[in-house]
Amino acid sequence: MSNWRRTSNLLGNMWGLRPELGKYGAVLAIQETSEVFGNPTGGSHRGAGYNGLTVAVLQVDTQRAMGWYGGTFNVSMEQIHGRAFSADNLMALQTVSGIEADRATRLWELWFDQKFLDQQKLDIKIGQQSLDQEYMISSNALVFANTMFGWPMLPSADLPGGGPAYPLSALGVRGKYWLATPLYLLGGVYSGSPTRHRDGDPQMANPSGTSFPLNRGVLAIAELQYVYPALGAMVSPDEVQPLSHVYRIGGWYDSEPFADQFWDNSGIPLASPNSNGTAMTHRGAFSFYAVMDQMIWRSHTDPNRTISIFGRAMGAPQTDRVPIDFSLNFGLTFNDPLPYRTDDTFGIGMGYTHVSGALANYDRAVRRYSGAYSPAQGGETYVEVTYQYQFTGWMQWQPDFQYVFNPGGGIPNPSHPDRRLRDELVFGFRTNIAL
């Protein structure tokens, strides 16, 4: 056996640890993601930066471990290294990498899931959860590097602390019910914020992921899913495999106080020199969304070779209390794009986000009261082209290209305060190592 194949086998069974854990119904998975991104043009300044993330997930099947049917225990940890390249170089709203976060070693998720009823129609999960693992997601979009192809821009900006999504999570209860083939209802109630405090960096306020706040109101979310073909559906050998699709519609409501984007609590514009600087508060905010994953082509000779499209739109009607009132993503993925490259994926996609009218009016008011250059923020758009190359069974290589139009929605450049940030060209390279 070659040294390379021997190394692959050792990594696959984690030097004998994985088979030993399997005897007790436990599965351990570790993934390291490392990447370098650089912007030769645009941004607050040019340069390159490294990001890294190690995630370890341990799951225990309670039936195999102790004879308890239908239960799963899950705990996961994160080790985040590198620096926030988008914040340092780009100042873009839609950050170029989904693993960018403050450096930390932290608990991510800690939950127990129990299945009930005939055919496991009901599924209840309780504990510390990260909502970007189940809600609002497009499976086809997950191949991309940009953050907003995962947890969308709108909740990232509008929800307290960015919401319970990577690298944060929150205590809650989630239920999933199989209504009828092919309809599923997903919903849950969670802590209104992943941190105890309303001010400061939420990641620094909960650096270890173990504060478990319950004093921050309630976040309620519900999602209806249409899945075709239904999970577990069989296809006859002589039957053409169907073009699969998943449609989702949903919404969320957070009962936390939300700060007005224009007025202070005495009815004076926040930008006015007469303002006390304390924003008016509103009770709660909500949003609606829709997500589509649709396969549009499958090769008759190679069933792994497929082309799919995806799209996601989100809106927040209460524009007086949120910085972002609309976000949109759509794109195309091509699996098995080259001969004999069955595990490779090519993708091209885009994202758009729009700054709320109240925040844009605040920018205009700053210019009116101070005379300083303060353009009203509008929309920001990015385009991403990526190729995920399966180098070995345990390693992926992924070159990536992104271009950001009107970064920050048109904010001034800190290095040149009399002009907006220029459009940004970004190149990157990512590796994923799965153990």
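Numbers here are sequence positions counted from 1.
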Evaluate whether atom [atom1] of [X] has more than 12 neighbouring non-hydrogen atoms of other residues, nucleotides or ligands under 6.0 angstrom away.
X: Trp68; atom1: CH2; answer: no
X: Tyr24; atom1: OH; answer: no
X: Phe401; atom1: CZ; answer: yes
X: Asp199; atom1: CG; answer: no
X: Arg198; atom1: CZ; answer: yes

Side-chain donor-acceptor contact under 3.5 Å, Gln398 with Thr386:
yes

Within the 6.0 Å centroid threshold, strictly below: [X] and [Y]:
X: Phe258; Y: His282; answer: no
X: Phe427; Y: Phe429; answer: no
X: Phe144; Y: Phe310; answer: yes

Would a distance-only check, ignoring hydrogens and angles, find a side-chain to backbone donor-acceptor pair under 3.5 Å from [X] to [Y]?
X: Arg283; Y: Ser255; answer: yes
X: Ser356; Y: Val322; answer: yes
X: Asn39; Y: Gly47; answer: yes
X: Arg216; Y: Thr195; answer: yes
X: Arg106; Y: Asn206; answer: yes
X: Asn146; Y: Thr95; answer: yes
X: Asp158; Y: Ile324; answer: yes
X: Gln203; Y: Ala101; answer: no
X: Gln94; Y: Glu380; answer: yes
X: Gln318; Y: Asp325; answer: no

Exercise: identify the closest heavy-atom pair between Pro257 and Thr281
CB-CB, 4.5 Å

Closest approach of Tyr289 and Gly251, non-hydrogen atoms and distance?
CE2-N, 3.5 Å

Stepwise side-chain hydrogen bond (donor to acceptor under 3.5 Å, both in side chains) check, Asp336 with Thr342:
CA-CA 4 Å; Asp336 191 7; Thr342 57; 5.7 Å; no

Mutual orientation of the aromatic rings belonging to [X] and [Y] [parallel < 30°, tilted 30-60°, perpendicular > 60°]:
X: Tyr166; Y: Trp108; value: perpendicular
X: Tyr228; Y: His245; value: parallel
X: Trp297; Y: Phe334; value: perpendicular

So, Glu134 and Lys125, do they make that salt bridge, N to O below 4.0 Å?
yes

Check Asp113 with Lys115, please: is the shortest side-chain N to carboxylate O separation under 4.0 Å?
yes

When you look at Gln294 and Tyr247, which way does the side-chain hydrogen bond (donor to acceptor under 3.5 Å, both in side chains) test go after all the steps?
CA-CA 8 Å; Gln294 174 69 62; Tyr247 304 142; 2.6 Å; yes

